[in-house]
Every structure is written in C-alpha cells, then in structure tokens.
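These values consider heavy atoms only, across backbone and side chains, with no hydrogens, waters or symmetry-generated copies. Chain letters run A, B, ... following the sequence lines, proteins first and then strands; every chain starts at 1. Model, not experiment: these values are computed from the prediction.
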2 protein chains.
Amino acid sequence: MNAKPNVKTIADIARLAGVSTSTASRALRDSDLISIETKERIKKIAQEHSFRPHLGARNLRLKKSNSIVLVFPFDYADQDVLANPYIFKVLGTVGSALRARHYDLLLSRLSDINMLIDDLYIHSGLAEGAIILGRGDNDQSKMAALVETNIPFVVLGPEHDNQGYCSVGIDNRQSSRMAVKHLAKQGRKRIAIISDNFDEPIAEGYQRYQGYLQGLADAGLPFDQNLTVLSTYAGQSGYDAIQLLLESVPDFDAIFVATSDIVAIGAMQALHDANKRIPQDVALVGFDNIDLCDFTNPPLTSISQRLHEGVADLLTQKLLDQIAGQQVESTMLQGRLVVRQSCGASVLT
Amino acid sequence: MNAKPNVKTIADIARLAGVSTSTASRALRDSDLISIETKERIKKIAQEHSFRPHLGARNLRLKKSNSIVLVFPFDYADQDVLANPYIFKVLGTVGSALRARHYDLLLSRLSDINMLIDDLYIHSGLAEGAIILGRGDNDQSKMAALVETNIPFVVLGPEHDNQGYCSVGIDNRQSSRMAVKHLAKQGRKRIAIISDNFDEPIAEGYQRYQGYLQGLADAGLPFDQNLTVLSTYAGQSGYDAIQLLLESVPDFDAIFVATSDIVAIGAMQALHDANKRIPQDVALVGFDNIDLCDFTNPPLTSISQRLHEGVADLLTQKLLDQIAGQQVESTMLQGRLVVRQSCGASVLT
DNA sequence: GCATATAATGCAATCGATTGCATAAACCCG
DNA sequence: CGGGTTTATGCAATCGATTGCATTATATGC
C-alpha cells in the first residue's frame, strides 16, 4: 500500500544514501562537516520518506527532554476547579509561551506535590522542569522538600517570605484592598466577603481576606464577622453563601467575592432569586476577570490577574532561565480592577 | 548538602548493591529470576536514594512512549475557543481517563492537522497515538492523509460517511431536532438559530442546522432565512447576533444557539439589554450544557454532550485498543436535553 | 613531486534501561 | 559422589541518534 519501504531510523536513510549514519545524522543537523551536495542529497531522501528523528533517542543522547510538565495540584476529578475558565486560560497562555520556545507541554497526572516529588517526572527524565499552578496554599513543608530536590520549577501564585523558590503572581492583598475601597467609595457600608480561606496565612484566599480587612480599615468601616462566608470553587457554593448571608445579615449592601468569578456568578443568581437588585441593593466585585464578566447580568466588576499581559511569558522564561542554571527572582504583579456595572460605579471613563 | 551521592542510573544502584546492572534492573522490575533477598536489598537501596529509572531510556529500549498527544486543532492564541469551559472539561476527563490507564498526556502545540502529520509527534516517538478534539469540521482530505499514515488516533466529533477513522461524538442532527421540537412544543412559532456554519456538510454547526430544519418541519413551521445568524465562539458574537436579529426580524420568539452555551450567554445579555424577557418574550436553548447553565438568569436549557457519562473513557479506550492493534468502531451518542427555565417549559418533573 | 594542510567521511562509543543467552553455583538423586 | 536440574547472576547486544577521534581523499605550498 505504501510506496515507501520501512524508513524509520537514520540508519535507513544512511543506507539509502549510501553513507554512514554519522554522515546522515550530521547532514540532517546541517553540520558544516558535510559537503553541501551530500547534505542536499540526504535531506531530500529524508524528505521523500517524511523521516523524523526519534526524539526519545536524541533526548537520551543529548540528556534533555525539551519538555515541561504543568502541574495542577488538583485532581482531574475536581470538576469545580476544572470548570474555572481562569485555569484554562493559564493553561493556554503557558502552552503558547512554551511553544514559542520549542518546548513540549506535558500535563501532570499528579494530584499533589507529594506525588510530584515522589513520582517525579523530572528525575525520570520526562521533563526538565515544572510549572505549578497552585492557589499558593500548597503545604510549605512539601514545597521546601521540592526545593531540596533541586528540580527547576516555578509557581503561579502568591509569594511568601523565604519561600526559596520562584513564583509569579499578583498581589492578592493589595488588589483586594483596592476592590473593597472601591466598593466603600460607592457608599457601601456593609461589605461582605466570600472567600475559600480565612485561616491559613499561606492561602490566597486568606491574603485576599487580609486585603479586605485593610480596605475596610482604610474606609473607616467596622469589621463584622457575620459578613464573612466560606466557599468552595463551584458556582453553587456562591449561591449557597448568599442564602446564608440573607438569613444572618440581610442588611449587607455589597459583596467582595474573593474566590473567583464563577462563584460570583452563582452569588448573582442567588441575589436575583431573592429579588435583590444588582447593584442597587447589593454591589458585587469578583476575582479573575474571566471573559464571561462582560456577559453576566449586570456585567461583573472583577480583578484582573493580568494573564494577557505576560504572566505566562514570565513563568516560562523564569523556568527556562532556571533550567539554564541562572538565578531567578520572584515577581509580584499588581492586580487591576476592571470596573463594570455590578459594583455600582458609573462606567463613564 | 545532599547526603546521597550522585545516584542517577541503575548502574549506580547496581554498584552500591554490588551486583550487575542486569540484576539491579530485574530486581526493580520484580523479576522472579532474582532471589527474594537480593530484590529486597536492591529495592531498599533504590528507595533510599529515591531513584527513578530514566523513562526515556526505558521507552527507547521497549519501543514505546506511554504517552498520548491531545490535539486542539485550534491555536492557543484563539482565546475564544480556549474560553469555552466545554473544551476544558473534555481535557480534564480525557486526562483522567488516560491517567487511570497509566498514560501520560502531551498537549499538542500544533494548530492544525497538517502540522500534526508534518511535525508528527508520533513518528518522532513522543506519543503512541493522538486524541483530536475537533469540531469535526477538519478538512476531510487532511484527515484522509492522516489515516494514510497509520497513526492511531481518535476524534471527538461527528461521524461522517466513510471517514475511515474512529470517532466519538453526539448526534448533532438528532439533538438539534429535539431541541427545536421542544421549543415548538412550548408554542414558539418564530424560532431563530445561531450557528457557526450553514454551508459545509462536514461541520458540526451545519449538522445542527440540518437538525433545526428537520425540527421545524416536524413542527410544521416554515423556514425563514432571516432567522439564521452566523456566530464565532465568543460570547460577544452571541450578543452581536441578537442585535442583528432584533433589527431584521424583531418578531422572533425563540432561539436555538447551536454554537455553544457561551454564545448563548452573550445572547441572553443582548436580550436583557433590549428589554426582552426570557423566556416570556424569547425562549432560549444552548449547546454543551456547561456547569454555568445553572447560574445564568434565567438558568439555561441546553443539550448535554454526555461528557460525564463516558465520552472520555470511550475515546481513551478506543485509542488504546487501536494502539494494541485492534479494530475499533465509531460511536455516536444521543444528546440529552437538559430543561431549565430559559426555554419556557415548566420545570416540574 | 613530495610534504603538509584541509575537507569529507566513517568507526565506535555513548546516553540508560532491558533482556536473551551463557555461566556459575547450589541442590537433588540414584 | 558424579551427572543433571534448578536457581541466581552476569555479559553483551539492543533501542536510535549523536559526536570525538581516526582516517582517507583532496588541495595547497615550495
């Protein structure tokens, strides 16, 4: 059926060209040790047989893999997280950045950092480094262990004191503070917060909570424990949170949904169902600034993590620099408040 | 710093254990050629040095790669597509299924089928097969060329006559017909359709359009060219489509958004802005049944592609069977209409 | 015309793990 | 106690591409 006989290896090409495998290999790599004519001839033969060198063999010889593993410290089964467009966007932008640098992207089948260390793609030669998409609340002792292994890796997430590794992320505290101040500026007095963490200093949710507290303080508003509600990453969780608030502190007039826009959308739904008008009765600010923010009803004000503005490139470049043996520094970006209608501000600018 | 000296290869382990590499290799693979005590001893040493065999070397020797490449026939830069939670969900479920079968997942940096054939991960030994997430409208001549290569692959998408490859997807025509009939049953007479393709028989959008036509016919409704609007995959596109309809045929009373739920959400926003009530003035049905359907206002009736019900497993199993040399058949699943409020049906059941 | 520089090519080892075959050691049994 | 098994281990080739070194062929210089 196929006109071309089995041409699978460089040796096959060499045989067809009547040269040694060394010559064939050099020709295909464009070495100047080989005469122009010979190179042309060999290349032509390779082309005709649509020959591709076996990358596994090459990588073995060259001791590299030219690929990076992207780790979700979540289980694939955790559909709530997977349903978050933000994560997907990160995946896409990181993939794009790696591609531009001729690296392949391996998705980790690992669900936590322990397994990463344990099952180590890197030690097994599959990847040269890792990009870890965390919410930053990975157990720091595990992270320390990871640092110990000397595996090159970077983390998308918050920066901690003396973390010992390189991270790229936005300033959760500052961004949140800004969001809350913005709500206060619209005249809101009873601003609630929905977050996924109020206890662990290491968690992004906690840091956003801290920013919330600062924002309240800045605006001279009192803190009320009842205005804090925990959530997961699912839309339903936002819905439930609102119902809780409506029961306990029905006088709230704004919500900062620190968890994610998806949760904010769930919250909006609950408010609609309770006949609360947004933003007249309750103003809302989300986090992540997903595309959908433009199409919620009303459009959702949110904090942009500046994904389009180079986070993926930063992550990728820092990782590759690290692999190349360079020292790299963490970067903390300032979030940007994208004002739409849900926060009650007039969108004139 | 590290107490353990350079232990990178099986030879190192062998040296430490005072045996040959063959013995070490066999011991680590649990061969019964090796005495129990020796095995235990070698395994212990390997453990202590957290040794992992180099998978590249193993794969080279065993002539396999134990990984699959997942191809998006979209560019990473195509943010509209990447923003679709449906694709992400597929990614997650396929990843999960592969993981369960101990395969690694490589993301293709390829943007089209041509490059897949050309740049071929498979010929280069990186992957054993490919899962192609298409909208099924891949150029069929390219697909034929792909079939020619004998590379094992499966496609998530519609089934075509004599396609020559294995696909798994839902019956676009039938599902769409069902959706339209459902709208007609609610008394809607002027049902519009938003789709991304009205011309190419090979495209999913076209097939959904055909289903729409059948549905209209079933319900005895006349076809009106003006009720058909083209869209891309972005929410904005749905918004624009509605504005177009409002200008040209303001009397429409229902829309079947065949492109995706994201587009439907954009459409809802446009309807809100035009003070059209959903579903009283305009009823709406989307496609994909993403999680968010529960949290739109009102909740969006949509067609489920049955992702949770084994599509990923089917794809994975069929691909692995193919790699193992078996003959595999395509599967076409029936879509399921998930009724919520946007279609105007009473949700009593 | 001969020695030396230069260009082109091939040989063989290498990357790290695996495995068929050979060998050595221990054991069995008459 | 010698021949025949059984059990445990090692040797060396292999997967496919790459590259240092050696070798041959050609060119240059005097």
J.: Check side chain to side chain donor-acceptor pair (under 3.5 Å) between B:Thr38 and all other residues, then give those that pass, not counting sequence neighbours.
T.: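 In terms of side chain to side chain donor-acceptor pair (under 3.5 Å), with neighbours along the sequence ignored, B:Thr38 is linked to B:Ser35.
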J.: When the C1' atoms of the five terminal pairs at each end define the local axes, what inter-axis angle does the helix from C:dG1-D:dC30 to C:dG30-D:dC1 show, to 10 degrees?
T.: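 Between the first-five-pair axis and the last-five-pair axis there is 50°.
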J.: Apply side chain to side chain donor-acceptor pair (under 3.5 Å) to B:Thr23 and list each qualifying residue two or more places apart in sequence or on a separate chain.
T.: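 Applying side chain to side chain donor-acceptor pair (under 3.5 Å) to B:Thr23 gives B:Ser20.
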J.: Would you mind writing out the side-chain donor-acceptor pairs for residues 24-34 of chain B within the sub-3.5 Å range, not counting sequence neighbours?
T.:
unit_1	atom_1	unit_2	atom_2	d
B:Asp30	OD1	B:Lys43	NZ	2.9
B:Ser31	OG	B:Leu33	N	3.0

J.: State which residues pass salt bridge (Lys or Arg N to Asp or Glu O under 4.0 Å) with A:Asp321; sequence neighbours excluded, sorted by chain then number.
T.: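 For A:Asp321, no residue satisfies salt bridge (Lys or Arg N to Asp or Glu O under 4.0 Å) once neighbours in sequence are set aside.
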J.: Sequence neighbours left out, what passes side chain to side chain donor-acceptor pair (under 3.5 Å) with B:Thr21? Give chain and number order.
T.: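 None.
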J.: Once ring pair (Phe, Tyr, Trp, His ring centres under 6.0 Å) is applied, do any residues pair with B:Phe51, and if so which ones, sequence neighbours excluded?
T.: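 B:Phe51 satisfies ring pair (Phe, Tyr, Trp, His ring centres under 6.0 Å) with no residue once adjacent residues are dropped.
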J.: Extract from the structure each pairing of a protein N or O with an N or O of nucleotides 15-19 of chain D at less than 3.5 Å, listing the distance.
T.:
unit_1	atom_1	unit_2	atom_2	d
D:dC15	O2	B:Arg61	N	3.3
D:dG16	OP1	B:Lys63	NZ	3.0
D:dG16	N2	A:Ala57	O	3.2
D:dA17	OP1	A:His54	N	3.0
D:dA17	OP2	A:Ile10	N	2.4
D:dT18	OP1	A:Arg29	NE	3.1
D:dT18	OP1	A:Arg58	NE	2.6
D:dT18	OP1	A:Arg58	NH2	2.8
D:dT18	OP2	A:Ser25	OG	3.0
D:dT18	O2	A:Arg61	NH1	2.2
D:dT19	OP2	A:Arg29	NH1	3.4
D:dT19	O4	A:Ser22	OG	3.4

J.: Any salt bridge (Lys or Arg N to Asp or Glu O under 4.0 Å) involving residues 149-158 of chain A? Give me the pairs, sequence neighbours left out, ordered by first then second residue.
T.: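 Listed by first then second residue: nothing to list.
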J.: Heavy atoms, side chains only, cut-off 4.5 Å: are B:Val154 and B:Gln322 in contact?
T.: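 B:Val154 reaches B:Gln322 side chain to side chain.
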J.: So, using side chain to side chain donor-acceptor pair (under 3.5 Å) as the criterion, who are the partners of A:Thr331 when residues are at least two apart?
T.: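 So A:Thr331 forms a side chain to side chain donor-acceptor pair (under 3.5 Å) with A:Lys318.
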J.: Detail all sub-3.5 Å separations between protein N/O atoms and N/O atoms belonging to nucleotides 4-8 of chain D.
T.:
none

J.: Show every salt bridge (Lys or Arg N to Asp or Glu O under 4.0 Å) that has at least one partner inside residues 12-23 of chain B, sequence neighbours left out.
T.: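 As it turns out, the salt bridge (Lys or Arg N to Asp or Glu O under 4.0 Å) pairs with a partner in residues 12-23 of chain B, which skip direct neighbours, are B:Asp12-B:Arg15.
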